[in-house]
Amino acid sequence: MYELKEPGGKSVRLEEGTAGEALKKLGAGKGAIAAILNGRAVDLFHPLNEDGEIAPITAGSEEGLDILRHSAAHLMAQAVEELYPGTRYGVGPSIKDGFYYDMEIPGGITEEDLPKIEKEMRRLAKRSIPVERREMTKDDAIAYFREVKNDPFKVEIISELEEDKVSLYFQGNYADLCRGPHVPDTSWIKHFRLLSVAGAYWRGDEKNVMLTRVYGTAFADEEALEAYIRRMEEARSRDHRRLGRELDLFSLQPEGPGFPFFHPKGMVIMNQLTDFWRKEHVKRGYSEIRTPLILNRDLWIRSGHWDHYRENMYFTEIDENPFAIKPMNCPGGMLVYKSQIRSYRDLPLRMAELGMVHRHERSGVLHGLMRVRCFTQDDAHLYCRPDQVKDEIIGIMDLCDFIYREVFGFKYSIELSTRPENSMGSEEQWGIAERALKEALDERGAEYRLNPGDGAFYGPKIDFHLEDCIGRTWQCGTIQLDFQMPEKFDLTYIGADGKEHRPVMLHRTVLGSLERFFGILIENFAGAFPYWIAPVQARILPVAGDFTEYARKVADELRAEGIRVEVDERDEKLGKKIRDAQTQKIPYMAVVGEKERESGGVAPRERARGDLGAMSMARFKEVLAEEFSPF
RNA sequence: GCCGGUGUAGCUCAGUGGUAGAGCAGCGCACUCGUAAUGCGCAGGCCUGCGGUUCAAGUCCGCACACCGGCUCCA
């Protein structure tokens, strides 16, 4: 006899049975896909063998979706096994928005095979094949996968597990190593879709074989699945590469793979961004420098880049001497620091640089403006005394928060990355540096994720990540603490004691790469940029050819106020002009015709609000002046 | 770099071995127009490049380049 209680307080006594039956008796079975029994997630078909607390995991919940998707991955693997005998299986987890399975499929597959697999999945689902869990010893499991399944990947995974016992899930002939829980039978998986096929290295290591990864997704109901598909389609329409072309912001040409071209309208945005950036940095006590793109190779050997970053660098020659194109701004910045004797009174010294860097990226990783081979970092190097480090870090975090959240309204996440392999410096220095970053994060009360082993080769870092339109996150801001460079370059300042001391150096960016940040701006606003940054802020639309002259006069008057304005002089109907201005996502249109010319006014239209009604020029200027601007 | 896919007009795409097409954009003409597409006409192509198969290649094969989705790597 077992007594099960649900969190609400209800309880039930059962002679025997399963977790699912207990939930049903408690009236909590509806929508359940699995259960939590004494804090452990279990299958609904888990046989009861203890008293305790039980609660349902519903299919719609995050945890439930996770289980559903994991089961969908199993179903897909089962379908692949039916269709492609001899397939071997890597891992098949649920992920954000779906699931995947990495498989070694004899003969391989392409996206054209997905409908066939999906069909087989539906066939198997319809048959309501029961899912069964079996625990066995590690040795038995290894033997099973080696001898029955001939699957070296599963054998490898099991061999490395710590536990003595492992659990296997069976459905029909298909078996998989899995912790579970899973749905009770295959018919529970109804609302799914296979999405794409890709290559993926076994265990994520490029030295290993490449498996075929099939991505898919599953939801608790058809509406949620369709909503997801729609969302992905809508996301495609705001892809920065597409909008970059449609709005004539930038282009990428085969002549320069990874080297973007910025068109006039794109440059307006870049310039607005940097104008704002400069003003904000002045306010926050930064000075600005600029260092050369090409510097002697010895500098890079000295900085450690030759040893740690050579693969990503471009090299050239001047008068038969070796030079390198800078992949980072720090060595140049340090030469500026060293150009004179520094006093403790100068510290903290904050030197910013909009530095263009070139990095050799492998051909397969390029992605619009998000991942390029030449980009402009909104870099800064801060030199300070050890006791100033924490406040400086907090100051940078404030600046990031201000720009991301207050100015642009972005959500962001923070990561703390610690010492990587192949790094410079002592254990002790890294310890101090990592603790300093942690303290600053804690003091500011920032939430962050730990990312062990992902620091720069010269120091640990705090990274700020922003999201693109389909949920991929991109690193933008970064704060890196560096004890190495000041050492390598023998940076000093004269202390109050008259002696030389070693400054601590912080590298940081806020926007990260102007190019990437621009890409994120495009996607975030779907091309409908805020007024202050919009390439064209207002377009004047004469109702007919007769009013072109007046339209030009209106444009001139606005232009004199510094407003970015243009006139649609084409011989088209008003409806067409409005439509085109809307498609170009121009914030304001100003219609002018007989009435406006008579009164000397305009009839403005705002892209989201529509017709604002006729008004005087003075009033229109006021309306424009009321628009948000961060500077 | 690796796996898979794609490459035809400025853009989006038809064209499955036999004379290169459409819509939008562009240009011209007419219309003189009031809040999301006026009509008619014209022009626009080394079908990514280089090789090969074939009487014949946009179409089939190979290589290269670029791009797309992932993996690894990264701002």
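Letters A, B, ... mirror the listed sequences (proteins, then strands); counts begin at 1.
Atom-to-atom, CG of Asp102(A) to P of C3(B) comes out at 15 Å; the value is rounded to the nearest Å. Note: OH (Tyr550(A)) to C1' (G34(B)) measures 15 Å, nearest angstrom. Nucleotide G1(B) holds its P atom 18 Å from the NZ atom of Lys207(A), rounded to whole Å. At whole-Å resolution of the value, CG in Leu114(A) and P in G5(B) are 12 Å apart. Here A66(B) presents its P atom at 14 Å from CZ of Phe261(A), a figure rounded to the nearest Å. Regarding Glu606(A), its CD atom lies at a distance of 15 Å from the P atom of A36(B), rounded to whole Å. Computed from coordinates, the Arg597(A) CZ to G34(B) C1' distance equals 14 Å when rounded to whole Å. Rounded to whole angstrom, the span from the NE2 atom of His263(A) across to the P atom of G10(B) amounts to 14 Å.
Counting non-hydrogen atoms under 4.0 angstrom, Glu596(A) reaches a base of the nucleic acid. Residue contacts for Glu246(A): at a heavy-atom cut-off of 4.0 Å it reaches no nucleic acid atom on any strand shown. Within 4.0 Å of Lys595(A), counting heavy atoms only, lies at least one base atom of the nucleic acid. Ala603(A) comes within 4.0 angstrom of a base, heavy atoms only.
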Where each pair must be Watson-Crick or G-U wobble with both distances under 3.5 Å, what dot-bracket representation of RNA chain B is obtained, with crossing pairs in [ ] and other-strand partners as |? (((((((..((((....[..)))).(((((.......))))).....(((((..]....))))))))))))....

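Here the side chains of Ser413(A) and Arg449(A) are not in contact, with every heavy-atom distance at 4.5 Å or above. Between Tyr314(A) and Arg373(A) there is a side-chain heavy-atom pair separated by less than 4.5 Å. At least one side-chain heavy atom of Glu118(A) sits under 4.5 Å from a side-chain heavy atom of Leu194(A). A heavy-atom distance below 4.5 Å is found between the side chains of Phe276(A) and Ile403(A).
Listed by chain and number, the residues in a side chain to side chain donor-acceptor pair (under 3.5 Å) with Ser303(A) are His305(A) (sequence neighbours excluded). With sequence neighbours excluded, the residues that form a side chain to side chain contact (heavy atoms under 4.5 Å, CB included) with Arg203(A) are Glu156(A), Ile157(A), Glu160(A), Asn208(A). With sequence neighbours excluded, the residues satisfying side chain to side chain contact (heavy atoms under 4.5 Å, CB included) with Arg88(A) are Glu104(A), Asn150(A), Asp151(A), Pro152(A), Phe153(A). His240(A) is linked by a side chain to side chain donor-acceptor pair (under 3.5 Å) to Glu523(A), counting only residues two or more places apart in sequence or in another chain. For His281(A), the side chain to side chain donor-acceptor pair (under 3.5 Å) partners are Arg508(A), not counting sequence neighbours. Looking at residues two or more places apart in sequence or on another chain, you find no ring-ring contact (aromatic ring centres under 6.0 Å, His included) involving Phe375(A). Residues that satisfy the ring-ring contact (aromatic ring centres under 6.0 Å, His included) test with Tyr309(A), not counting sequence neighbours, are absent from this structure.
Interface remark: the Glu112(A) side chain does not form any donor-acceptor pair with the G4(B) base, using a distance-only criterion of under 3.5 Å.
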Write down the protein N/O and nucleotide N/O pairs, taken from nucleotides 39-41 of chain B, whose separation is under 3.5 Å; answer none if there are no such pairs.
none

Sub-3.5 Å pairs of nitrogen or oxygen atoms, protein against nucleotides 59-63 of chain B:
none

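Closest-nucleotide positions on RNA chain B for Thr212(A) and Ile578(A) were compared, and the one nearer the 5' end corresponds to Thr212(A). Checking Phe547(A) against Lys576(A), the closest nucleotide of RNA chain B that is more toward the 5' end is the one next to Lys576(A).
Looking at Arg213(A) and Tyr215(A), their side chains do bring a donor and an acceptor atom within 3.5 Å of each other. With 3.5 Å as the limit, one finds a donor-acceptor pair spanning the side chains of Asn329(A) and Gln377(A).
Screening Leu369(A), Thr274(A), Ile269(A) for a side-chain contact (heavy atoms from CB on, under 4.5 Å) involving Leu514(A) leaves a single residue, Thr274(A). Each of Leu249(A), Val536(A), Asn524(A) was compared with Phe529(A) under the side-chain contact (heavy atoms from CB on, under 4.5 Å) criterion, and only Leu249(A) meets it.
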Once each nucleotide of nucleotides 69-75 of chain B is scored for protein heavy atoms under 4.0 Å, what B/S/- sequence comes out, 5' to 3'? BBBBBBB

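Side-chain rings of Trp474(A) and His367(A) approach one another, their centers coming within less than 6.0 Å. For Phe517(A) and Trp277(A), the ring centers are positioned 6.0 Å apart or more.
Using atom C1' as the reference point in both U8(B) and A57(B), the two lie 14 Å apart (nearest Å).
For the contact set between residues 534-544 of chain A and RNA chain B, defined by any heavy atom under 4.0 Å, the members are Val543(A), Ala544(A).
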